Amino acid sequence: MTAIETIQAPSDGRVAAGKRGRSLAPYALSGPALVFVSLLLMLPLLMMLRLSFNKYDAAQMYIEAFTFENYVRFFQDEFYRQVLWTTLWISAVTTVFCLVGGLAVAYFMARTTSPFLKRYLIIVIVLPLFMGNVARTAGWIILLNNKGPLNFLLERFNLTDGPIQMLYTSGAVVAGLTSVLLPFMIVTLNSVMNNIDVSLEEASLNLGASPLTTFRRVVLPLLMPGIFAGSILCFILSMNAYATPVLVGGPQFNMMAPTIYKQMTAIMNWPFAAALAFMLISLTVLLTVVSAVLFEGAAKRTGVIR
Amino acid sequence: MITAGKPHPSRWIYLGFVWMTLLLVFVPLATTVWVAFFSNKLVSFPPEGYTVSWFAQALTLEAFRNGFLLSFQVAVGASLVAVCLGVPAALAIARHRFPGRELINTILMSPLMIPAIVAGTAIYIFYIEVQIRSDVQFAATVYGLMLAHTLIAIPWVLRLLVASLSGIDPAIEEASLSLGASRITTFVRVTLPLIRPGITAGVLFGFIASFGDLEKSLLLVGPGRITLPIAMVNYLEYRADPTIMAVATIQVLIIAIALIISDRFVRLGRTF
């Protein structure tokens, strides 16, 4: 019965719509979850947006108002401009490192002939995604410490006179973030890489292109959607990173997420914290949308996607 | 890589780079586990000797014991609630075509996209506003945390269950319906047994995502009610000693066990 209905279903692409298409069942089924997420995430985000237009008042937290002064302050204050700038460039550098390393590893994983590596490398890469970044950031604190293994090795081989300050530098934050976010990039690239036919590369190699040329001219264009998705993901996650800048960057190193937390707890200026949080989320969305448009334009010009 | 007859010299550079990158991912975690066994209290290299006593020490510290219990409790509660909400929603998304389906799917997946620190701040503001208006406290309570963590778990449950449902031929359910079973009987007797691995994986992934969460919970915890990741960060801000490395090692072990169990239900390599 249903099978026939399916075949005769309207040709607007809604396969298997059948008679259930107009019933209320799907709304009833997804209703509870939808209400939950709307009430606990969408509504709070709107309330936060509203709060960001209020005036700060030390005595009673905030005064109802409709002012842009929190946003104006953000752009006028040298300190917060600096925080935003640091967040942006740290995220950009981290994303580039993740991309370069991720490309190499994802390509290796997809083209290795060892069944052992094929089966287990992906699991080993997926595991750290769920480990939480605190345990790994803890490792970085030890590694970069003045008495850590890196400084120990440097002194042992007489490369330096004294310990080099590595912890609490922006380089440390980039290294920590790259290490934490690389698995996201690798997993994203890997899923696209698996769909690229090996014979395309073989054809290119057979026709005399070097492996590097083959990678650049054949694999890379096909990988573009994965490169785009992975870079966006890494950029968003590093823009919003908390644990790494706090633990490896130290108290003097300011990025957006820890600054929002400080405004909420230590300074208790909620309207300004709400404005900061809203700036962060809208900047993230804006950059994602802009790069999506740019990417699509570039991809169409070069013929990667039609 | 394809071995096209003659080995290229740049291949060694490439392989070296691949393994360097993999080391960058794994050396920090390995360091954490290694230092947990150092016998000297102040970390220096090379270690003076090895001991397992820091693990016992870690278990005696109240902040970590309470943190572990709270995180565990919250993660179990959140993943179970998320499954109750997520199973019907996944059925709607995977088995029905209806106006607004894409939008509903996007909203339900949004906790994964919206930056955790922003979401945490918004939820905290919401809890306080509710408290001011109704005198019901959510901030700094177990229930408040559990609700926020349910949000973390929902996208995982949904993703795994939709994947699980789309692997099952709807004809099986339709056979049951056309033979006279009601929708509820069909769901309980046919669909549910088929998607049980997906549900188990959903609970486990929800648990893992909640158990490791740091940013969403930062503002929602209160004095005496601090989750394990936050207790770890608080400690690490002042000291990086073998004790905290032992705590981190235990946390990593718990998550690894949960992942290995989930791998039996859904192949991790294929889920991503």
Side-chain angles (χ1 to χ4, degrees), chain A residues 1-2 14 17 20-21 26 29-30 32-34 36-37 40-41 43-45 47-48 51 101 104-105 108 111 122-123 126-128 130-132 134-136 138-143 147 149 152 179 182-183 187 191 201-202 205 211-212 240 242-243 247 257 260-261 264 273 277 280-281 284, chain B residues 1-2 4 8 10 17-18 21-22 24-25 28-29 31-32 35 43-45 85-86 88-89 91-92 96-98 104 107-108 110-111 115-119 121-123 125-126 129 147 151 154 174 178 208 212 214-215 218-219 229 232-233 236 240 244-245 248 251-252 255 259 268-269 272:
Chain A
M1 177 189 91
T2 325
R14 290 188 201 162
R20 283 180 288 167
L29 286 170
S30 59
L34 191 65
F36 187 89
V37 175
L40 233 82
L41 189 61
L43 179 65
L45 283 171
M47 287 176 87
M48 189 184 79
L51 181 64
V105 175
F108 175 76
R111 293 293 174 257
I122 183 72
I123 294 181
V126 169
L127 289 182
F130 295 96
M131 289 302 178
V134 183
R136 278 184 297 157
W140 277 109
I141 299 179
I142 298 288
L143 281 171
K147 288 185 178 142
F152 170 76
S179 159
L182 255 170
V187 166
S191 63
E201 288 157 59
E202 285 167 345
L205 290 169
L212 204 62
N240 292 283
Y242 179 85
L247 294 178
I260 294 172
Y261 179 70
M264 284 298 287
L280 182 59
I281 191 170
T284 312
Chain B
M1 202 174 178
I2 309 147
H8 202 272
S10 65
F17 187 70
V18 168
T21 311
L22 288 172
L24 188 70
V25 176
L29 194 59
T31 310
T32 301
V35 171
V43 180
S44 65
F45 288 84
L85 294 169
L91 276 173
H96 296 263
R97 298 287 173 275
F98 52 99
I104 290 177
I107 291 176
L108 293 182
S110 68
I117 190 91
V118 177
T121 308
I123 295 169
I125 290 169
F126 174 64
E129 294 285 340
L147 287 174
L151 219 49
I154 283 178
E174 277 151 17
S178 62
I208 294 165
L214 170 74
E215 286 92 346
L218 271 174
L219 289 164
M232 286 164 65
V233 169
L236 274 169
I244 183 72
M245 301 301 155
Q251 189 212 21
V252 163
I255 296 177
L259 275 169
L268 286 178
F272 296 94

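Chain identifiers are assigned alphabetically (A, B, ...) following the order of the sequence lines, protein sequences preceding nucleic acid strands; residue numbering begins at 1 within each chain. Bear in mind that the values here come from a model prediction, so they are computed numbers and not experimental data.
- In plain terms, the two heavy atoms of B:Thr31 and A:Gly139 that are nearest each other are CG2-O, 4.0 Å.
- Only the side chain of A:Pro128 comes within contact range of chain B, with heavy atoms under 4.5 Å apart.
- Only the side chain of B:Ile154 comes within less than 4.5 Å of a heavy atom in chain A; its backbone stays farther off.
- Interface remark: B:Val35 contributes side-chain atoms only to the contact with chain A (heavy atom separation under 4.5 Å).
- Within the 4.5 angstrom heavy-atom criterion, atoms from both the backbone and the side chain of A:Leu34 approach chain B.
- Of all the listed residues (B:Thr121, B:Ile104, B:Leu151), the one sharing the greatest number of non-hydrogen pairs under 4.5 Å with chain A is B:Leu151.
- Residues B:Leu214 and B:Met232 have side chains not in contact (no heavy-atom distance under 4.5 Å, counting atoms from C-beta outward).
- The minimum heavy-atom distance linking A:Val37 with B:Ser110 is given by the pair CG1-OG, 4.1 Å.
- Between chain A and the residues B:Ala116, B:Ala92, B:Pro88, the largest count of heavy-atom pairs under 4.5 Å involves B:Pro88.
- Contact detail for B:His96 and B:Leu91: the closest heavy-atom pair is CD2-O, 3.7 Å.
- Contact of A:Ile141 with chain B is made through the side chain alone, with heavy-atom distances under 4.5 Å.
- The nearest pair of heavy atoms linking A:Ala135 to B:Leu29 is CB-CD1, 4.2 Å.
- Looking at B:Leu218, both its backbone and its side chain come within 4.5 Å of chain A, counting heavy atoms on both sides.
- Looking at heavy atoms from C-beta onward, A:Val126 lies out of side-chain contact with A:Pro183 at the 4.5 angstrom threshold.
- Both the backbone and the side chain of B:Leu85 come within less than 4.5 Å of a heavy atom of chain A.
- The nearest pair of heavy atoms linking B:Thr32 to A:Ala138 is OG1-C, 3.9 Å.
- The shortest heavy-atom contact between A:Asn240 and B:Pro115 is OD1-CB, 3.0 Å.
- Residue A:Phe152 touches chain B through its side chain alone, counting heavy-atom pairs closer than 4.5 Å.
- Contact of A:Leu45 with chain B is made through backbone and side chain together, with heavy-atom distances under 4.5 Å.
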